[in-house]
Amino acid sequence: MTESPPPSASSEPAEPGGTSGLSVLDPPGFHGAAPAPAAGAGQPSPGRPEGTDRRPEDGAAPAPGTPDAAPDGTAPASTGAQDRLAGRLSDFASLHEHTERLARARGLGATLDAVLASGTALLGADRALLVTVLPGGGPSQPLGLGLDRASLGALETVPADQSLLARLLREHDRPAEVRSHDLAEDPAIGARLRELAGQLGLGGCYGLPLATEEDGPLAAALWFYDGPADPTDRRRELARRYSEVAAPLLAKQLDAEKVRRTTEALRRGLLPDRLPQPAGLRLAARLVPAGLDRSCGSDWYDAIPLPDGTVGLTVGSVSGDGPGAGPGSAPGAAAAMGRVRAALRAYAVLEGEDPVSVLGDLELLLKTTEPTRSATAVYAWVEPEERRVTLAGAGHCPPVLVTRYGAEFVETSLSAPLGMLSCWEAPGVEFTAERGDTLILYTEGLARRFGQTLHSGQADLRRAAADAPRDVRTDPERLCAHLLAAAAERDADRRQRADRRAAGQDPADRDGGSSPRRSTAQAPATDDLMLLAARFE
């Protein structure tokens with residue numbers, strides 16, 4: 001391994017096929033205007049991102065006899081300067097395009113994808129690999145471009161002392177860049193990395209750290225060529241400038257992701273960490289929470305073992321700061337959900353055999369302690385041995401009972417959500433299930449994923465449960481997974497249809513046959529997906 005001084009902006013670009021050996025450069029400074037990218041290694045690969053076109057070096061002399069050529073066949077100085085200026089302007093335009101794309105990225109995943117794709121384009125590379133620094137130190141699982149899962153797994157087996165990514169993530173003595181003309185033949189590369197380079201067809205390599213003075217190393221990226229190659233000085237300078245813009249943006253996304261993960265962990269901590277498995281009853285639950293930056297409420301589920309051997313089952317949802325509250329109130333709704341669920345557990349222990357009383361007490365508590373909030377809920381008291389169920393709902397979706405003959409709604413009486421009226425009241429419903437039946441409680445968010453409206457979504461959810469294969473219906477875990485998958489499939493189909501309408505590709509769905517409808521299907525989910533399944537054995 002050799003060390004080289006920082007590249008100079010005035011140096012001529014180096015063509016692919018330069019000196020072999022891994023080079024580790026000290027941190028570079030900016031030297032004048034950004035140089036223009038020149039010829040990369042080989043020809044662009046099919047499917048390479050935009051901006052990977054490779055043009056001849058700027059300032060090449062015109063052929064003798066052309067109008068711009070001097071009598072001795074050389075280019076006039078003014079022509080060369082104009083060509084270099086045009087090249088630099090083109091480089092700045094390309095850099096601006098890629099940094100704009102990065103600035104438009106929303107979320108950590110989109111930001112990392114943009115860094116990989118733009119770096120590949122600016123360097124004229126073929127494949128790429130990126131890792132971020134985990135909160136406790138060390139690299140995350142790698143993210144690849146043009147590398148399948150097996151290739152990424154193989155690259156993870158490179159020992160730390162041979163890893164180029166590990167060098168770029170050092171707190172101290174961190175190189176400004178690493179590069180190798182041919183990984184498989186480079187004596188400065190460790191044996192395992194050379195072996196993998198030969199197996200995966202990795203040729204030249206160029207890597208950069210993404211770091212800030214305040215945060216230190218945040219991520220490291222490697223770009224690969226399919227054959228022996230070096231990026232030109234101009235392409236390297238563009239990639240370095242891009243990484244200096246990307247690093248602070250990535251720092252913000254990593255901070256936001258850390259906050260999101262912490263918040264979601266606390267939110268999940270307000271829900272049961274496990275479900276009881278009483279004799280005669282098998283329980284399963286699923287929760288897919290909407291992000292708190294988008295959520296308009298917070299859902300809960302619970303299974304409460306009662307002193308007499310019976311079980312209380314409940315799902316519900318607390319809205320934000322009252323009717324019509326928006327996403328800004330979601331964190332407060334999550335905290336309120338924890339308080340409401342804790343209160344409901346207490347009421348269930350005291351009078352769990354009477355669901356109407358349980359919800360009535362919960363409504364009184366909500367109006368007293370959470371006057372600006374409302375909630376929907378369903379509570380079911382279950383005797384597993386006799387398979388007897390008594391339940392009541394407050395403005396909530398009707399449960400679904402899956403039997404050997406299909407699936408049907410357990411019709412609860414029409415009632416208002418808790419906290420909406422001066423006095424909540426609704427009758428309970430009692431029925432006896434058969435052995436092998438499964439009762440499904442769910443929240444509104446799941447139903448809305450199934451259909452355009454709440455009513456149609458509930459009908460589609462019931463059909464999806466009825467149409468599930470027999471071996472799925474007999475296993476509550478598999479049934480929950482089946483319903484979530486079916487909801488995702490229907491939601492994706494609806495988005496595609498909306499996109500086609502928005503693009504005017506479906507004349508039958510156009511308004512009046514003239515102007516396409518505007519698509520709203522890409523709006524992120526604002527409701528949690530929640531369901532609780534109980535199978536009678």
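Sequence positions, counted from 1, serve as the residue numbers for this chain.
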Closer than 4.0 angstrom, basic N to acidic O: yes or no for [X] and [Y]?
X	Y	result
R448	D491	no
R234	E237	no
E244	R241	no
R167	D173	no
D471	R478	yes

Before giving the answer on salt bridge (charged side-chain N to carboxylate O under 4.0 Å, His left out), spell out for R282 and E477 the whole-Å C-alpha distance, their side-chain angles and the decisive distance to 0.1 Å. CA-CA 9 Å; R282 289 176 59 195; E477 290 284 352; over 6 Å; no
Report the distance from atom [atom1] of [X] to atom [atom2] of [Y], rounding to the nearest 0.5 Å.
X	Y	atom1	atom2	answer
Q162	E195	CD	CD	10.0 Å
D460	F450	CG	CZ	7.5 Å
S163	R192	OG	CZ	12.5 Å

For the side-chain contact (heavy atoms from CB on, under 4.5 Å) test, which of L169, L218, D215 pairs with V133?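 Of the listed residues L169, L218, D215, the side-chain contact (heavy atoms from CB on, under 4.5 Å) partner of V133 is L169.
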Between E257 and Q253, do the side chains contain an N or O donor and an N or O acceptor separated by less than 3.5 Å?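 No - no donor-acceptor pair under 3.5 Å links their side chains.
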Answer with yes or no whether the side chains of R473 and T438 bring together a donor and an acceptor at under 3.5 Å.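 No donor-acceptor contact under 3.5 Å links the two side chains.
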Residue pair T443, S317: steps toward the side chain to side chain donor-acceptor pair (under 3.5 Å) verdict: CA-CA 7 Å; T443 54; S317 177; over 6 Å; no
Taking all non-hydrogen atoms of both residues into account, name the closest pair between M337 and V318 and its distance.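 Closest heavy-atom pair between M337 and V318: CA-CG2, 3.9 Å.
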For E97 and R101, what are the C-alpha separation, side-chain angles and deciding distance, and is it a salt bridge (charged side-chain N to carboxylate O under 4.0 Å, His left out)? CA-CA 6 Å; E97 174 189 349; R101 189 178 305 168; 3.0 Å; yes
